[in-house]
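This report concerns only the one structure given below.
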Protein chains: 2
Amino acid sequence: MNEHALHHLFEKPRIFQAPMAGAQDTRLALAVCKAGGVGGVPAGMLGLPALATTLETMRQKAKLQDWWAVNFFCHTTPSPDEAAMGQWQSALAPYYKEAGIDLAKFDGDASRVPFGHDACVLVERYVPPIVSFHFGLPHPDLLERVKLCGCLVVSTATTVAEALWLEQNGADAIIAQGNEAGGHRGSFLRPHAPPLHGSLPPEGADLPWGGPAADLYFSSDTYLSSQIGTLALVPQIVAAVDVPVIAAGGIADAAGVRAALALGASAVQVGTAYLCSKEATTSAVHRAALQSDAARHTALTRLFSGRPARGIVNRVMRELGPMSEAAPAFPLASAGMTPLRSHWEAKGSGDFSPLWAGQNVSACREATAAAITQSLAQGLR
Amino acid sequence: MNEHALHHLFEKPRIFQAPMAGAQDTRLALAVCKAGGVGGVPAGMLGLPALATTLETMRQKAKLQDWWAVNFFCHTTPSPDEAAMGQWQSALAPYYKEAGIDLAKFDGDASRVPFGHDACVLVERYVPPIVSFHFGLPHPDLLERVKLCGCLVVSTATTVAEALWLEQNGADAIIAQGNEAGGHRGSFLRPHAPPLHGSLPPEGADLPWGGPAADLYFSSDTYLSSQIGTLALVPQIVAAVDVPVIAAGGIADAAGVRAALALGASAVQVGTAYLCSKEATTSAVHRAALQSDAARHTALTRLFSGRPARGIVNRVMRELGPMSEAAPAFPLASAGMTPLRSHWEAKGSGDFSPLWAGQNVSACREATAAAITQSLAQGLR
């Protein structure tokens with residue numbers, strides 16, 4: 001572990017800007033850095049050339065003393081499953097028909113590639129100050145390489161058990177992601193208790209390095225009800241681990257920052273409040289939804305990727321059910337939805353788009369990332 | 001409104017002890033008062049003689065300057081529904097058989113009676129300083145009588161819409177109950193968004209005085225995913241209403257109290273942390289569960305009453321599903337479960353008991369209510 005860097009990063013509380021795949025690139029991260037926060041760039045949906053460009057841009061434009069993170073997914077890509085994809089195609093077929101899209105355009109490709117050797121080579125070349133992971137940690141060999149570069153390693157926990165697992169497996173700091181958070185839940189271990197339905201074993205038994213089962217949540221009642229709010233999760237994780245804890249979920253303003261620090265967090269991570277910033281690449285329909293009454297009702301849904309993620313409830317979530325088992329395992333649900341999303345977004349509708357949002361959109365406004373960061377930073381004092 | 005009393009109650013932040021039906025009586029409330037907190041006595045499961053005794057005890061033993069609340073449910077008792085009760089009996093029949101209990105003992109009585117004229121007469125006689133309601137507010141005529149006595153009226157909101165409704169309909173202060181909270185959700189308006197399944201209209205349309213539809217939640221996915229965490233809910237309610245807001249849900253220690261106050265709450269309400277106190281009447285199986293690893297996994301369930309309430313996951317929740325539609329409308333699910341609960345509790349098992357708990361049981365210990373209150377009160381300074 002890079003003890004010196006870790007000490008420096010957490011010597012005072014900071015605002016981390018959550019990496020948000022699909023809603024930003026380096027511009028937002030650099031603006032946050034410039035305003036004194038910790039910028040985050042999402043790499044989960046980038047090909048290798050784009051990843052290289054992203055890391056090069058950050059290295060060139062961020063100052064040496066700036067802190068920033070690049071974020072990777074580290075799921076296990078599921079084996080091809082024709083039956084599951086056929087079920088998903090059938091569930092979406094009526095929507096293809098309604099939109100006049102040829103069902104031959106239905107695609108089951110994996111849109112998100114987990115962190116692997118090639119991405120690791122780029123990390124070794126550009127050495128970002130922080131590498132953060134979602135859905136656990138990568139294989140120990142890869143993790144070792146990241147750490148040997150001197151990068152600090154951060155990952156996300158949604159339970160105390162996950163936080164302990166991350167600490168034991170090499171995370172230098174842990175994001176405690178409360179149920180309020182927008183976007184993908186970082187969950188990677190099965191809930192502690194026996195499943196409410198089905199017959200999967202409890203957590204840990206068969207997870208050699210955190211590459212989690214695709215069927216993690218196994219029943220929506222169990223999964224949804226076991227998600228812990230930020231105010232309850234943060235102090236329990238702080239009490240359980242020795243590494244710094246970054247609070248995330250529902251933090252939208254200086255008051256939220258103060259509350260998170262009162263709970264013992266060493267820093268906070270904020271996503272939703274940046275979604276309407278001038279530097280974000282958030283789509284027009286997404287921006288409109290975030291600033292409408294519709295944003296009062298979010299839900300965890302697996303329709304857009306296969307894993308639970310929090311977004312504003314829209315037509316497809318209402319009609320198929322947000323946690324529908326018709327969607328295949330992560331990340332295979334995305335591609336089939338893409339033609340529908342494009343069709344409807346062109347008409348100004350977000351009915352088939354992932355409208356990621358946390359449970360507190362009150363700070364969403366068309367401001368600069370600097371203004372948003374400075375406003376949040378009032379809570380650090 | 002009793003402006004003078006309201007000013008006095010909220011002139012400084014305070015610890016409210018949550019009224020917990022089935023787990024306490026006046027002893028806990030009085031001990032909390034003596035320690036400087038706001039005691040709460042649950043009346044939702046008391047007959048009129050017991051209510052009279054309770055109020056008389058509080059009047060005699062609490063000091064004149066003490067603040068305490070009596071808590072009533074104000075649901076609408078559903079019409080008899082033989083089909084629904086038959087379905088519930090069928091769902092429980094295998095458990096009756098396993099336990100050797102005659103199915104003739106299955107009972108569909110309403111175990112909880114809403115606040116009505118007779119209870120109001122007792123309120124008028126004993127004039128508790130605070131009357132709090134769960135599930136909205138009683139009929140305006142009853143509410144008017146309570147307010148004419150000079151009692152302060154408090155009720156619970158789980159959404160911003162509910163908070164606005166309560167403010168407009170006469171609540172003097174509002175409990176913002178985050179999803180982390182143990183026991184019954186106070187929800188009384190349908191979610192703002194159209195239902196994910198089914199065809200009920202959105203909130204408000206047919207709720208003349210907040211006597212809510214029994215089928216409030218109408219789909220477990222919709223209901224579960226729309227529940228908002230304390231850290232996100234409190235600041236949004238504080239921003240929306242002018243009355244004082246009492247934060248509840250996941251607050252277990254002084255750090256939690258500080259966080260809630262940072263979010264703009266005028267006071268906090270704490271329940272779970274008192275469940276293992278010496279003065280609580282919490283059963284032995286419930287106490288054991290609260291202090292075991294099982295308490296790491298709670299879920300919202302309607303199996304024990306018909307309305308969603310958070311408790312530790314146990315066998316009947318796992319096997320029937322916590323939000324099973326086999327359970328009839330509130331409060332008719334309780335009586336059928338009672339023989340099973342008694343049978344298994346006698347054997348030391350909580351498999352059929354409502355093991356109410358919030359998402360942060362870290363403070364549950366066999367201490368005096370005074371010690372717990374003083375520990376929480378550290379966060380007020």
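To find a chain, count down the sequence lines: A is the first, B the second, and so on, and within it residues start at 1.
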Closest non-hydrogen atoms of A:Ala255 and B:Ala262, given as atom of the first, atom of the second and distance, are CB-O, 3.4 Å
Name the region of [X], side chain, backbone, both or neither, that has any atom closer than 4.5 Å to a heavy atom of chain B.
| X | answer |
| --- | --- |
| A:Leu233 | neither |
| A:Leu300 | backbone |
| A:Arg315 | neither |

Chain A contact via B:Ile251 - side chain, backbone, both or neither, heavy atoms under 4.5 Å: both
Pick from [options] with the largest number of heavy-atom pairs that fall under 4.5 Å of chain A:
| options | result |
| --- | --- |
| B:Arg258, B:Glu180, B:Arg310 | B:Glu180 |
| B:Val234, B:Asn179, B:Thr298 | B:Thr298 |
| B:Ile228, B:Thr230, B:Val160 | B:Ile228 |

Just to be sure I understand the criterion: a residue of residues 354-365 of chain B counts if one of its heavy atoms is under 4.5 Å from a heavy atom of chain A. Which ones qualify? B:Gln359, B:Asn360
With side chains defined as the heavy atoms from C-beta onward, is the minimum distance between A:Leu231 and B:Leu263 less than 4.5 Å? yes
In terms of heavy-atom pairs under 4.5 Å with chain B, which of A:Gly250, A:Gly249, A:Gly264, A:Gly178 leads? A:Gly250
